[in-house]
Amino acid sequence: MLSAVERKIEQFITELGDKEVSTLYAKLPAGKRLRAKLILKIAGNHLTAVKTAAVVEMIHAASLLHDDVIDDAYTRRNKPSLNALYGNKTAIMLGDILYSKGFFELNNISTEVAKIVSNAVVQLSLGELGDVSLSKTFNVDKSRYLKMIYQKTASLIEASAGAAAVLAGKPKEAYLTYGRNLGLAFQMIDDILDITQDAETLGKPALHDFVEGKTTLPYIYLYEAMTDEERVKLESLHAKVLKPEEQLWIQAKMKEYHIIETSYLEAKTLIEEAISLMSAHGEASLAGIAKEMIEREF
Ligand code: FPP
Ligand code: MG
């Protein structure tokens, strides 16, 4: 029933009565719609669930439009990003339009759902600020990384599951935890793929995060495993454009210390926890979405 969500988003965009916005929106790749799938799976396919899913996907799309400006990213899902096609100003404004229309529609759902979703947007904005701040230093503090990915990514997935539970009259807490675990695992996998996937699959240069100054989970574990000498070298490469041999050195060290396996296991453990929590609530069908988070390739 994801097509109902696509139609609802299109309807919200058409209501704006602005041709340019419709044209720009049509340029955005739809993405995996994981948050929408989660909402419909938990709350069912009724109109309020479809509206909530549409709002959440609009907010998510807005956050990615802004994120690509912040990250100087010229591709998104293997296509030119909107900032690459039309410049930063247009990308920021389209983000603002999607975001504010989404908020307007949120008012027509319910106060509790509106509170859950709007609070997540505060968190995701704080998380993005945290990401930018952390990338200015060589951060090897795992708890700061975890807090930042919780805010930046897990908060909206947590809110999607929680809001859907509210709509369906199901116990909110368990669903919030399920969504939080999914979100944390999702971002961990995103950070792993930045290291393991080739540039073509990713649609961005490999090791882009480290070049951008981001020391994600694999770098934190790598630093922990390294000798003092290796640590000095790793730190000296932080936030710099890497020569091919430097890239290969990082990737070889990741291999030597089994960093990808360790990081992947952490994401997998969160997913397994989420799945068993949901099966305890008779929601075995939510296992599929959880598995999608860790089995994806980009
Ligand atoms: C992607 O992270 C970014 C996010 C999940 C959140 C971005 C949030 C904002 C820009 C706050 C603004 C919010 C609104 C609603 C306008 P990433 O760069 O690690 O992942 P990527 O590989 O997908 O780029
Ligand atoms: Mg980004």
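All ligand and atom numbering here is 1-based and tracks the order in the structure. Sequential numbering from 1 along the given sequence is applied to the chain's residues. Basis for what follows: all heavy atoms, side chains included, without hydrogens, waters or symmetry-related copies.
- For H238, the ring pair (Phe, Tyr, Trp, His ring centres under 6.0 Å) partners at least two apart in sequence or on another chain are F138, F210.
- Considering both main-chain and side-chain atoms, D71 comes within under 3.5 Å of ligand 1 through a nitrogen or oxygen pair.
- Contact atoms of ligand 1 toward H66: 10 (C), 16 (C) (distance under 4.0 Å to a heavy atom of the residue).
- For K255, the NZ atom counts as loosely surrounded, since its 6.0 Å shell holds 12 or fewer non-hydrogen atoms of other residues, nucleotides or ligands.
- Interface of D190 with ligand 1, defined as ligand atoms under 4.0 Å from a residue heavy atom, comprises 20 (O), 21 (P), 22 (O).
- Crowding of K170 atom NZ: a count of heavy atoms from other residues, nucleotides or ligands under 6.0 Å exceeding 12.
- Residue D68: no N/O/S atom is found under 2.8 Å from the Mg ion (ligand 2).
- Counting just the N/O/S atoms of D71, the one with the shortest distance to the Mg ion (ligand 2) is named OD2.
- Short contacts between ligand 1 and K214, defined as distances under 4.0 Å to a heavy atom of the residue, involve ligand atoms 18 (O).
- Residue E261 places its CD atom among more than 12 non-hydrogen atoms of other residues, nucleotides or ligands, all under 6.0 Å distant.
- Side-chain atoms of T153 and Q187 form a donor-acceptor pair, as typed in the model, at a separation below 3.5 Å.
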Atom pairs and distances, side-chain donor-acceptor, residues 218-230, under 3.5 Å, sequence neighbours left out:
unit_1, atom_1, unit_2, atom_2, d
Y221, OH, K142, NZ, 2.9
Y221, OH, E266, OE1, 2.1
T227, OG1, E230, N, 3.2
T227, OG1, E230, OE1, 3.4
E230, OE1, T227, N, 3.0
E230, OE1, Y257, OH, 2.7
E230, OE2, K253, NZ, 2.7

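- Contact annotation for D194 and ligand 1: no heavy atom of the residue comes within less than 4.0 Å of the ligand.
- When the options D67, D131, I59 are ranked by their closest heavy atom to atom 3 (C) of ligand 1, first place goes to D67.
- Distances from ligand 1 to the non-hydrogen atoms of G95 include no value under 4.0 Å.
- Using a 4.0 Å cut-off to heavy atoms of K152, the atoms of ligand 1 that qualify are 2 (O), 4 (C), 5 (C), 6 (C), 17 (P), 19 (O).
- Taking 4.5 Å as the limit, some side-chain heavy atom of L182 sits within range of a side-chain heavy atom of I271.
- In this structure, the side chains of Y25 and I97 stay at 4.5 Å or more apart for every pair of heavy atoms.
- Residue I116 holds its CD1 atom at 7.5 Å from OG of S110, rounded to the nearest 0.5 Å.
- Only the side chain of V121 comes within 4.0 Å of ligand 1, counting heavy atoms alone; its backbone N, CA, C and O stay farther away.
- Heavy-atom proximity to T153, at under 4.0 Å, picks out these atoms of ligand 1: 5 (C).
- Here the N, O or S atom of D67 that is nearest to the Mg ion (ligand 2) is OD2.
- Of the heavy atoms in E128, only side-chain atoms (C-beta onward) come closer than 4.0 Å to ligand 1.
- Numbered from 1 in the order shown, with element, the atoms of ligand 1 that lie under 4.0 Å from a heavy atom of Q187 read 19 (O).
- Within 6.0 Å of atom NZ in K41, 12 or fewer heavy atoms from other residues, nucleotides or ligands are found, so the atom counts as exposed in its surroundings.
- Close contacts between ligand 1 and R76 involve ligand atoms 21 (P), 23 (O), 24 (O) [criterion: under 4.0 Å to a heavy atom].
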